[in-house]
Amino acid sequence: MTRTIHILNGPNLNLLGKRQPEIYGRDTLDDVAAACAAIAQEAGLESVLRQSNWEGQIIDWIHEARETAAGIIINPAALTHTSVAVFDALMTFEGPVIEVHISQVHKREAFRHHSYVSARADAVLAGFGVHGYALAMRHMALLLAGK
Ligand code: DHK
């Protein structure tokens with residue numbers, strides 16, 4: 001069985017570290033990938049981090065994960081609040097799904113308070129900064145170990 005965790009990131013997160021650092025911080029997605037890879041390795045897992053600004057690409061990656069991933073950590077970014085299609089795609093995935101938001105979305109604009117993805121996610125993290133990805137990876141390792 002695959003031991004790979006797919007970490008999927010939606011629109012505008014390619015600019016992490018440069019975009020509104022007062023909200024999203026100064027770490028980049030490369031920093032997130034390195035931190036998650038180290039935690040995955042400790043747990044006997046592997047991780048692959050991907051980002052796209054295109055909804056269809058995120059959906060294709062979720063479909064691919066059906067065959068190649070033990071679990072999905074996803075920050076759908078703005079698609080969180082708009083995409084039934086991302087929710088439907090996640091419903092086709094049988095392993096654990098953890099939803100991450102860098103910012104505390106519930107303290108922000110009302111349109112960020114609803115997530116289509118949360119109805120599928122096994123855990124949701126918001127407001128931990130990029131550290132939320134590392135926490136999600138640690139929790140993923142526990143879930144896959146049946147703890
Ligand atoms: C990232 C985004 O790009 C926003 O559209 C979401 C999320 C929040 C985050 O906090 O990681 O509303």
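Just so it is clear, the model here is predicted, and its values are computed rather than measured. Just follow the structure's listing: the first ligand is 1, and inside any ligand the first atom is 1.
Neither the backbone nor the side chain of L13 comes within 4.0 Å of ligand 1, counting heavy atoms alone.
Atom 2 (C) of ligand 1 has as its closest protein heavy atom Y24 OH, 3.5 Å. For atom 4 (C) of ligand 1, the nearest protein heavy atom (residue, atom name, distance) is R112 NH1, 3.3 Å. Looking from atom 10 (O) of ligand 1 to the surrounding protein, the closest heavy atom is S103 OG, 2.6 Å. Nearest to atom 9 (C) of ligand 1 among the protein's heavy atoms is I102 N, 3.3 Å. In terms of protein heavy atoms, atom 12 (O) of ligand 1 is closest to H81 NE2, 2.7 Å.
Note that the OG atom of S115 and the CZ atom of R120 stand 12.5 Å from one another [nearest 0.5 Å].
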Verify side chain to side chain donor-acceptor pair (under 3.5 Å) between E99 and T80, making sure each step is shown before the conclusion. CA-CA 9 Å; E99 177 183 352; T80 306; 4.9 Å; no
Verdict with reasoning, N53 to E55, per side chain to side chain donor-acceptor pair (under 3.5 Å): CA-CA 7 Å; N53 293 325; E55 183 175 14; over 6 Å; no
side-chain contact (heavy atoms from CB on, under 4.5 Å), that's the test. Do I73 and I5 meet it? Break it down for me. CA-CA 7 Å; I73 295 171; I5 309 306; 3.9 Å; yes
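Heavy-atom separations between N12 and ligand 1 are all 4.0 Å or longer. Using 4.0 Å as the threshold, R19 has a heavy atom nearer than that to some atom of ligand 1.
For H101, no nitrogen or oxygen atom sits less than 3.5 Å from a nitrogen or oxygen atom of ligand 1, counting backbone and side chain alike. Not a single N or O atom of R108, backbone or side chain, sits closer than 3.5 Å to an N or O atom of ligand 1. At under 3.5 Å, not a single nitrogen or oxygen of V105, backbone or side chain, sits near a nitrogen or oxygen of ligand 1. Among the atoms of V100, none of the N or O lies under 3.5 angstrom from an N or O of ligand 1.
In this structure, F111 and H81 have perpendicular ring planes: the angle between them is above 60°, well past the 30° mark.
F93 does not carry R66 over the face of its six-membered ring by the limits of under 6.0 Å from the centre and within 45° of the normal.
Contact between I74 and P76 at its shortest, heavy atoms only, is O-CD, 3.5 Å.
For an aromatic pair to be called close, the ring centres must be under 6.0 Å apart, and H131 with Y133 fails this.
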